[in-house]
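Both counts, for ligands and for their atoms, begin at 1 and track the order of listing. The figures that follow rest on heavy atoms only: side chains count, while hydrogens, waters and symmetry mates do not. On a predicted model such as this, the values are computed, not experimentally measured, just so you know.
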Amino acid sequence: MTRIDSTPTSAMLAPTLLHAGQAGSEWWRDAVIYQVYPRSFADGDGDGIGDLVGITNRLPHLQALGVDAVWLSPFYRSPQKDAGYDVADYRDVDPLFGTLADFDALLAEAHGRGIRVIVDLVPNHTSDQHVWFQAALPAAPGSPERGRYIFRDGQGSDGELPPNNWQSIFGGPAWTRTTNDDGTPGQWYLHLFDSSQPDLDWENPEVRSEFEDVLRFWLDKGVDGFRIDVAHGMIKAPGLPDWDGTVSMVEGTEGGEVVDLGAPEDGSTGAGNSGPMFDQDGVHEIYRAWHRVLAEYDGDRALVAEAWVEPLSRLARYVRPDEMHQAFNFSFLTTPWSAAPLRTVIAASLHANDEVGAPTTWVLSNHDVVRHASRLGLAEPGLRPNGIFAHEAQPDEELGLRRARAASLLMLGLPGSSYLYQGEELGLPEHTSLPNDVREDPAFFRTGGTEAGRDGCRVPIPWEADAPGLGFGPTGKTWLPQPEAYARYAADTQRGVAGSTYEVYRTALATRRAEQLGSGTLAWVEEYATSADVVALRNREVVVLANLGDEPVTLPRGAEVLLASGPVMTDRSGDPQVRVPSDTTVWLRAL
Ligand code: GLC
């Protein structure tokens, strides 16, 4: 059943109204969803790697924070060549993380605390240790076993050249040649990521039915949804044509005839991948089929697309009414810290999603990008470098944190669903001085060490300032070293401390819920926007004002501050007036 969730009041029907609320009351439309990266969240057994028991033990933290759901990055059986995004068995838990019983316990405990659980599904590729790939390797060219993947003969007189010129997103060629049983070189297989992650052939009905079955396995257990990895990559253009663009996790896709990053007015930032391996029309039929599977289950289960696609109108095709339910908004994540582009991307996001009746999502950090507390402290804030080395320009920690809190409060004041990445509620910076010999990200190795990769945003969470390993687990072991600074950010130093990042997030989530901002409306409020560097919007009865300029902004007399991302100043001469400093966001009661 659907209902109009937010009827605009007459006061909101100003000419600047951009978003009038949406039909539908499903939980995911306005949810705050917290990403747990299992290996780095909390360690239950003391081996230095986070696990499911660790997560279960820390659920009270997430309940107190006030999130609606968690998304768990992969915990399935995997040789961990890409931190679990290389799945060897989609129906089992890797012993590193625990057992299926541990998962059932986690799910029950989360549900008991009112927290929904989304799991990660990795359908573009399997691990090379998956039984299918292990069967494909010794099988003959053209066999059903090879037909589940994308095996091709090489070019050149002896097949010594790859079938086409595609590059892996992690660097290097996207093809690896196999060796026949007799030691002679054989066919090549496609891998858009690491060579240990062979791409499946989604034109093969057996692949489709297998994944529908995997969906049912986890739906039967009671999961509330799936985050779909590389959702824009599963169908490749017919004939796998050469392509002269480059794919990268750093700045999207560039070059080649097919690239159209769109006009800046549409909110595009260059975050989209394109080329014959991405965003092909054929992917949508897969999601229509999955939509039908989820619809057989009760409780508004949801599909969330990880699709680096631009412009936003193109991304919105993934969340048409009969497809997925949400798609990550990477245009928002990659928008520079600057008022005009932020206004543009907010408006474009709402517009594109309203066209298809889907909620917009908002996200600032995840396990693939530099944490926003550091990204926004770079000289060019907003860029998404693939990791930061110690010898490179370092982010300004204090500035980055101030901006990160302001950005988060702006995000949480927007209508739609927001994603948080573990540790951002503590204001954690990126680890920018990891020694290379502890790095694990294949992007570091496949680029020959030219890209630091993503390990710096995956460092174990600091829970207790005075405990070994900052309370990550019972032994003090951590699979990556924590930077010294993390002691200052430990959760136990922030709980109950007014003005701490954790308390700002907690209060924001509570206020967002009380004021129903997630299902709210959006209008720009010109009267508050005293400078071009201010983003000022009204969502229901709350005004959200972010000051990105260098000068403080004076609020109208009588403005009631509900929440601020940092200290605000009160001018006590004459009528008191609140001034909002640079890089600060406030939530106000609308006058
Ligand atoms: C997605 C994941 C990333 C992973 C890649 C390959 O982009 O978020 O972590 O490396 O897919 O599965």
Look at the aromatic rings of H232 and F278 and report parallel, tilted or perpendicular, splitting at 30° and 60°.
parallel
Consider every N or O of D82 and every N or O of ligand 1, then say whether any pair is closer than 3.5 Å.
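Yes, at least one N or O pair falls under 3.5 Å.
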If the cut-off is 4.0 Å to any non-hydrogen atom of [X], which atoms of ligand 1 fall inside it?
X	value
R458	9 (O)
H125	6 (C), 12 (O)
R454	3 (C), 4 (C), 9 (O), 10 (O)

Which of the listed options, D229, V230, N366, holds the heavy atom that is closest to atom 2 (C) of ligand 1?
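Answer by nearest heavy atom: D229.
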From atom 9 (O) of ligand 1, work out which of D441, D86, D368 has a heavy atom at the shortest distance.
D368
For ligand 1, is any non-hydrogen atom under 4.0 Å from R227's backbone (N, CA, C, O), its side chain (CB onward), both, or neither?
side chain
Donor-acceptor contact below 3.5 Å, side chain Y149 vs main chain F133:
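Confirmed, Y149 side chain pairs with F133 backbone.
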Under 3.5 Å: donor-acceptor pair, side chain of H431, backbone of V459:
no
If the test is ring-ring contact (aromatic ring centres under 6.0 Å, His included), which one of W463, F472, W479 qualifies with F41?
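When W463, F472, W479 are each tested with F41, the ring-ring contact (aromatic ring centres under 6.0 Å, His included) holds only for W463.
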Using salt bridge (Lys or Arg N to Asp or Glu O under 4.0 Å) as the criterion, list what pairs up with K477, not counting sequence neighbours.
none
Who are the salt bridge (Lys or Arg N to Asp or Glu O under 4.0 Å) partners of R314, not counting sequence neighbours?
D279, D281
Return yes when F170 approaches ligand 1 closer than 4.0 angstrom through a heavy atom, no otherwise.
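Flag set, F170 near ligand 1.
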